[in-house]
Amino acid sequence: MPRFEYAPAPESRAIVDIQPSYGLFIGGEFVDPADGGVMKSVNPASEEVLAEVVEAGPQDVDRAVRTARAAYDGVWGRMPGRDRAKYLFRIARIIAERSRELAVLESLENGKPIRESRDADLPLVAAHFFYYAGWADKLGHAGFGTDPRPLGVAGQVIPWNFPLLMLAWKVAPALACGNTVVLKPAETTPLSALRFAEICQQADLPPGVVNIVTGAGATGAAVVDHPDVDKVAFTGSTEVGKQIARSVAGTRKRVTLELGGKAANIVFDDAAIDQAVEGIVNGIFFNQGHVCCAGSRLLVQESVYDQLLASLKRRMATLRVGDPLDKNTDIGAINSGAQLERIRTLSEIGQQEGAQPWSPPCELPDRGFWFAPTIFTGVTQAHRIAREEIFGPVLSVLTFRTPDEAVAKANNTPYGLSAGIWSEKGSRILSTADKLRAGVVWANTFNKFDPSSPFGGYKESGYGREGGRHGLEAYLA
Ligand code: NDP
């Protein structure tokens with residue numbers, strides 16, 4: 001079949017006005033730090049500095065928490081749910097209205113393709129606010145008693161892979177339940193959270209209900225450790241999740257942790273192979289593989305291995321890697337130099353341990369952080385690339401002979417966040433799903449999200465659920 005060439009189709013960045021520097025968002029306004037330093041936000045596709053932001057110090061975090069407490073005691077905690085709902089609906093509508101601007105900003109700072117920020121991230125961000133706005137006046141009917149109470153001040157720390165979506169997952173249910181928040185975005189992706197702060201101003205959200213403190217790990221630790229925080233919500237690495245669990249142990253703080261994953265994507269011999277290949281590609285190359293629930297371990301039944309691998313390679317050869325703002329781009333930039341280094345290191349370890357890498361021919365840009373889509377074959381369960389979260393566009397391919405072997409291999413991981421099953425037989429899907437120790441199991445699809453559906457892990461993937469009615473529980477007494 002002839003291949004079509006694609007002409008560049010860049011989205012204009014003129015819609016986003018980025019200031020040279022930003023303060024902290026505390027008490028409804030942007031303020032100068034008391035003891036903070038300065039850090040830079042960088043476009044990972046070009047290494048261009050986008051803006052300077054504050055690295056908040058302990059005094060700044062303390063001010064944010066005290067402000068959130070005052071807003072909780074004075075306004076938000078006692079406001080009727082129907083009134084909180086009005087603010088949340090307003091925020092949701094503004095997000096929908098400004099979604100193009102937000103999508104461009106998200107792609108500029110994160111490196112993800114505009115097609116994904118425009119068609120996946122932003123619609124889901126707005127949907128989360130709409131969904132939880134709908135719950136705000138119905139909490140007495142959610143199954144947590146007739147008059148469930150908010151917890152107070154929520155300290156929330158989020159990662160860089162879905163900056164606005166992770167913000168929405170945390171802020172929307174917290175506010176719907178009557179809590180106020182202090183949120184720390186990731187060091188490499190603070191700008192969309194600061195844009196969200198402007199949206200809170202635009203929505204006339206009472207000052208202090210949402211506070212945003214930018215910074216690095218130490219700022220996150222200051223939020224988590226603050227004695228006047230009632231609830232800690234964290235998404236990020238298992239390593240930091242363990243530190244947080246240790247630091248809040250023995251305190252009154254409630255905690256939800258959404259941590260790493262090493263999901264098995266299981267393809268049985270009766271699966272529709274082309275459909276499965278689309279799901280495999282989506283499962284590992286969506287968002288450059290910077291996805292906690294990425295299908296990073298492919299388990300293929302031996303009898304269809306050759307056919308599936310040939311088809312997967314053909315499909316991978318059509319993936320376009322490059323400018324995140326180009327609407328044709330499938331795979332954008334790796335979010336940071338540090339993350340690129342981690343992906344390279346684990347890939348080299350994969351080779352040293354005897355697995356064979358394969359990537360389609362693809363030209364990577366000279367500047368910025370890039371990694372070609374890669375699959376490793378000849379992977380065994382003992383290999384580090386089969387056990388550790390690479391968090392990049394790297395797929396480890398393993399095989400199995402029987403359904404029992406597939407389940408045993410899928411569950412042979414310290415994680416338990418997600419899994420995928422590909423089969424034409426409903427009974428096989430149900431019996432396999434039943435045996436998988438994973439919070440989410442997708443059948444004949446992958447990476448499907450909806451605000452009404454709970455999400456969370458088993459084992460070292462964390463505890464607590466976000467999304468859906470279950471997601472309310474994490475923010476109610
Ligand atoms: P981290 O877990 O370090 O970062 C997540 C968030 O926590 C960031 O906002 C980070 O700030 C903050 N943070 C860091 N240290 C602390 C601390 N001691 N107390 C409180 N907050 C803290 O992930 P990384 O960005 O360092 O990525 C490392 C690896 O983690 C990745 O390669 C990937 O494997 C995994 N990861 C998994 C994610 C998931 O959703 N499962 C998401 C992100 C990463 P800062 O940004 O300044 O470091």
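One-based numbering along the sequence shown. Whatever order the structure lists them in is the order used to number ligands and atoms, beginning at 1.
For ligand 1, the atoms lying closer than 4.0 Å to a non-hydrogen atom of G260 are 41 (N). For ligand 1, the atoms closer than 4.0 angstrom to any heavy atom of C292 are 39 (C), 40 (O), 41 (N). Below 4.0 Å from some heavy atom of T235 lie the following atoms of ligand 1, by number and element: 5 (C), 40 (O). Less than 4.0 angstrom separates some heavy atom of Q243 from each of these atoms of ligand 1: 18 (N). Interface atoms of ligand 1 facing A186, defined by a heavy-atom separation under 4.0 Å, are 9 (O), 46 (O). Those atoms of ligand 1 with a heavy atom of G215 less than 4.0 angstrom away are 47 (O). Applying the 4.0 Å criterion to heavy atoms of G220 picks out, from ligand 1, the atoms 19 (N), 20 (C), 21 (N). For ligand 1 and E187, the ligand atoms under 4.0 Å from any heavy atom of the residue are 45 (P), 46 (O), 47 (O), 48 (O).
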From CA spacing to verdict: ring pair (Phe, Tyr, Trp, His ring centres under 6.0 Å), F446, W442: CA-CA 6 Å; F446 210 91; W442 286 292; 4.8 Å; yes
Residue pair E106, S192: steps toward the side-chain hydrogen bond (donor to acceptor under 3.5 Å, both in side chains) verdict: CA-CA 6 Å; E106 197 81 322; S192 51; 2.8 Å; yes
side-chain contact (heavy atoms from CB on, under 4.5 Å) evaluation trace for V224 with K253: CA-CA 9 Å; V224 169; K253 293 175 192 172; 5.6 Å; no
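Under the 4.0 Å distance rule, the nearest protein heavy atom to atom 2 (O) of ligand 1 falls inside the cut-off.
Comparing A216, P185, A221, G155 against atom 19 (N) of ligand 1, the shortest heavy-atom distance belongs to A221. One option in W160, F391, Y415, F162 has a heavy atom closer to atom 37 (C) of ligand 1 than any other, and that option is F391. Evaluated by nearest non-hydrogen atom to atom 31 (C) of ligand 1, the leading choice among E389, E341, Q339 is Q339.
The protein heavy atom nearest to atom 43 (C) of ligand 1 is P159 CB, 3.5 Å. The protein heavy atom nearest to atom 16 (C) of ligand 1 is V240 CG1, 3.4 Å. Counting only heavy atoms of the protein, atom 11 (O) of ligand 1 lies nearest to K184 NZ, 3.1 Å. For atom 30 (O) of ligand 1, the closest non-hydrogen atom on the protein side is S237 CB, 3.0 Å. Taking atom 12 (C) of ligand 1 as the reference point, the nearest protein heavy-atom neighbour is V157 CG1, 3.6 Å.
Ring orientation note: the planes of W160 and F391 are nearly perpendicular, at an angle over 60° on the 30°/60° scale.
Within the structure, ligand 1 lacks A218 among the residues with a heavy atom less than 4.0 angstrom away.
Between I284 and V394, the closest heavy-atom pair is CD1-O, 3.4 Å. The two residues L417 and E258 make their nearest non-hydrogen contact at CD2-OE2, 3.6 Å. For S41 against T188, the heavy-atom pair with the smallest separation is OG-O, 4.5 Å.
In summary, the aromatic rings of W76 and Y87 are positioned with their centroids under 6.0 Å apart. Note: Y132 and W169 fail the aromatic proximity criterion, with ring centroids not under 6.0 Å apart.
By the 3.5 Å distance cut-off applied to N or O atoms, G217 is counted among the residues near ligand 1. Of the N or O atoms in F234, none lie within a sub-3.5 Å distance of an N or O in ligand 1. In terms of polar-atom proximity, I158 is counted as a contact of ligand 1, with an N or O under 3.5 Å from an N or O of the ligand. Looking at T188 next to ligand 1, no N or O pair under 3.5 Å apart turns up.
Defined by atom type and a distance below 3.5 Å, a donor-acceptor pair is missing between the side-chain atoms of E109 and T189. Side-chain contact annotation: R387 with Q381, donor-acceptor N/O pair under 3.5 Å absent. Looking at H226 and D62, their side chains do bring a donor and an acceptor atom within 3.5 Å of each other.
Judged by the 6.0 Å distance and 45° axis criteria, K459 is not positioned over the aromatic ring of Y415.
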